[in-house]
Amino acid sequence: MHQARFISFEGIDGCGKSTQAHLLTNYFSAKGVDVMRTREPGGSPGAEAIRALLLTGATDKWSAETELLLFTAARRDHLEKTIEPALMAGQTVICDRFADSTRVYQGATRGDLREKVDHLHKEMIGREPDLTLIIDVNPKIALARGLARNSGEDRFEDFGLVFQEKLRDGFLKLAESFPDRCIVVNGNRTTEEVFKDLLTLTQL
Ligand code: TYD
């Protein structure tokens with residue numbers, strides 16, 4: 001039996017990580033690995049309800065502080081109800097965004113909240129993925145892809161290009177501060193090329 005792993009995907013809006021998470025889940029599954037794909041904010045009924053509050057509406061709907069509390073509440077529920085039970089049952093978990101998104105989005109770019117982010121994470125979440133794949137793309141390309149989806153959940157995309165550039169820097173710095181689990185993957189390539197790299201990086 002393969003050891004259950006907790007793998008997260010991170011990156012700016014429209015970086016292609018959801019597509020890659022999907023492909024990797026299917027690949028693992030085809031290889032006989034017991035695997036589940038989930039996402040944040042969301043991934044459990046309670047957290048999905050919080051997701052709807054967070055991702056729709058005007059950009060000034062919540063302050064960064066309130067967002068931090070809502071994202072952390074959603075994550076706590078997701079961890080309790082979905083991620084931990086799956087890992088305990090021996091399932092590999094592939095998660096589209098996790099705590100690194102809060103570190104970067106709320107902690108580094110929308111008010112200097114990083115200390116509070118770290119504090120809440122320690123008290124309420126207290127775990128990191130085994131492996132974090134950061135899909136790094138040019139913010140101009142990513143923004144065009146993200147808005148093109150027109151998902152109705154564009155509150156963060158609506159902050160604009162300068163915001164996405166800050167996010168990109170934030171994710172690259174984060175990768176440097178967690179070198180044991182973070183790997184930056186060049187996402188400015190075709191889906192197939194990026195996925196080929198992921199297969200090498202996540203070898204069973
Ligand atoms: P989503 O539609 O899932 O975007 P993507 O497909 O690009 O992941 O929306 C998630 C949005 O929420 C995204 O803009 C990032 C933001 N976010 C935070 O600001 N903090 C967080 O802790 C998380 C998990 C997401």
Side-chain angles (χ1 to χ4, degrees), residues 5-28 35-43 47 51 54-56 59 64 67 71 74-75 78 92-110 114 117 128-179 181-202:
R5 287 189 291 172
F6 179 17
I7 300 173
S8 65
F9 276 86
E10 296 283 357
I12 67 175
D13 297 285
C15 68
K17 65 185 169 36
S18 304
T19 305
Q20 296 296 338
H22 186 74
L23 289 172
L24 193 65
T25 308
N26 289 350
Y27 179 85
F28 276 5
V35 61
M36 70 152 342
R37 181 167 59 97
T38 184
R39 67 163 180 187
E40 290 211 347
R51 176 186 177 94
L54 277 163
L55 299 190
T56 57
T59 49
E67 271 173 17
F71 278 116
R75 180 161 309 123
H78 186 207
T92 282
V93 174
I94 295 183
C95 193
D96 189 342
R97 296 195 184 281
F98 192 66
D100 293 325
S101 282
T102 313
R103 292 185 173 107
V104 172
Y105 279 76
Q106 282 68 45
T109 56
R110 305 202 48 224
R114 184 56 195 270
V117 169
E128 305 295 345
D130 301 312
L131 173 67
T132 297
L133 299 160
I134 299 174
I135 312 293
D136 180 44
V137 295
N138 177 335
K140 276 197 190 113
I141 297 172
L143 196 62
R145 282 186 200 159
L147 288 175
R149 280 187 312 201
N150 201 7
S151 64
E153 289 184 330
D154 297 334
R155 207 176 134 248
F156 286 91
E157 274 108 327
D158 289 348
F159 281 107
L161 184 63
V162 173
F163 179 65
Q164 297 297 329
E165 276 164 354
K166 276 197 196 166
L167 290 174
R168 175 174 182 248
D169 286 347
F171 277 116
L172 294 178
K173 287 207 183 83
L174 192 105
E176 283 171 17
S177 56
F178 293 98
R181 68 173 168 88
C182 289
I183 300 177
V184 177
V185 180
N186 173 10
N188 298 303
R189 299 174 294 164
T190 65
T191 301
E192 293 72 24
E193 283 167 335
V194 176
F195 185 58
K196 227 170 122 191
D197 273 9
L198 295 188
L199 288 186
T200 315
L201 295 169
T202 58

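Computed from a prediction, not measured in an experiment: that's the story for all the values here. Positions are given from 1 along the sequence. Note that these values count all heavy atoms, side chains included, but never hydrogens, waters or copies made by symmetry.
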### Ser101/Phe9 under side-chain contact (heavy atoms from CB on, under 4.5 Å): CA gap, chis, key distance, verdict
CA-CA 10 Å; Ser101 282; Phe9 276 86; over 6 Å; no
Rounded to the nearest 0.5 Å, what separation is found between the [atom1] atom of [X] and the [atom2] atom of [Y]?
{"X": "Ile135", "Y": "Leu198", "atom1": "CD1", "atom2": "CG", "value": "5.0 Å"}
{"X": "Leu143", "Y": "Cys15", "atom1": "CG", "atom2": "SG", "value": "12.5 Å"}
{"X": "His78", "Y": "Arg97", "atom1": "NE2", "atom2": "CZ", "value": "13.5 Å"}
{"X": "Gln20", "Y": "Thr25", "atom1": "CD", "atom2": "OG1", "value": "10.5 Å"}
{"X": "Glu165", "Y": "Lys140", "atom1": "CD", "atom2": "NZ", "value": "6.5 Å"}
{"X": "Thr202", "Y": "Leu24", "atom1": "OG1", "atom2": "CG", "value": "4.5 Å"}

Using a 3.5 Å distance criterion without hydrogens, assess whether the side chain of [X] forms a donor-acceptor pair with backbone atoms of [Y].
{"X": "Asp13", "Y": "Gln164", "answer": "no"}
{"X": "Thr38", "Y": "Cys95", "answer": "no"}
{"X": "Arg37", "Y": "Ile94", "answer": "no"}
{"X": "Arg114", "Y": "Val104", "answer": "no"}

### Message
For a side-chain contact (heavy atoms from CB on, under 4.5 Å) check, start with the C-alpha distance between Phe178 and Thr132, then their side-chain angles and the critical distance, and finish with the verdict.
### Response
CA-CA 9 Å; Phe178 293 98; Thr132 297; over 6 Å; no
### Residues Lys17, Asp96: salt bridge by 4.0 Å N-O rule
yes
### Query
Going by an N to O cut-off under 4.0 Å, is there a salt bridge joining Lys166 and Asp169?
no
Taking all atoms of both residues into account, what is the closest heavy-atom pair of [X] and [Y], and its distance?
{"X": "Ala175", "Y": "Val184", "result": "CB-CG2, 3.5 Å"}
{"X": "Ile12", "Y": "Ala142", "result": "CD1-CB, 3.7 Å"}
{"X": "Arg189", "Y": "Val194", "result": "NH2-CA, 3.9 Å"}
{"X": "Phe28", "Y": "Arg5", "result": "CZ-NH2, 3.6 Å"}
{"X": "Ala47", "Y": "Ala74", "result": "CB-O, 3.4 Å"}

### Steps toward ring pair (Phe, Tyr, Trp, His ring centres under 6.0 Å) verdict (Tyr105, Phe71)
CA-CA 11 Å; Tyr105 279 76; Phe71 278 116; 7.8 Å; no
### Query
How far apart are the C-alpha atoms of Asp136 and Phe171, what are their side-chain angles, what is the distance that settles it, and do they pass the side-chain contact (heavy atoms from CB on, under 4.5 Å) test?
CA-CA 8 Å; Asp136 180 44; Phe171 277 116; over 6 Å; no
### Query
Can you check side-chain contact (heavy atoms from CB on, under 4.5 Å) on Phe163 and Thr59, steps first, answer last?
CA-CA 12 Å; Phe163 179 65; Thr59 49; over 6 Å; no
### Message
Can you confirm whether Leu174 sits close enough to Glu10 that some side-chain heavy atom of one is under 4.5 Å from a side-chain heavy atom of the other?
### Response
no
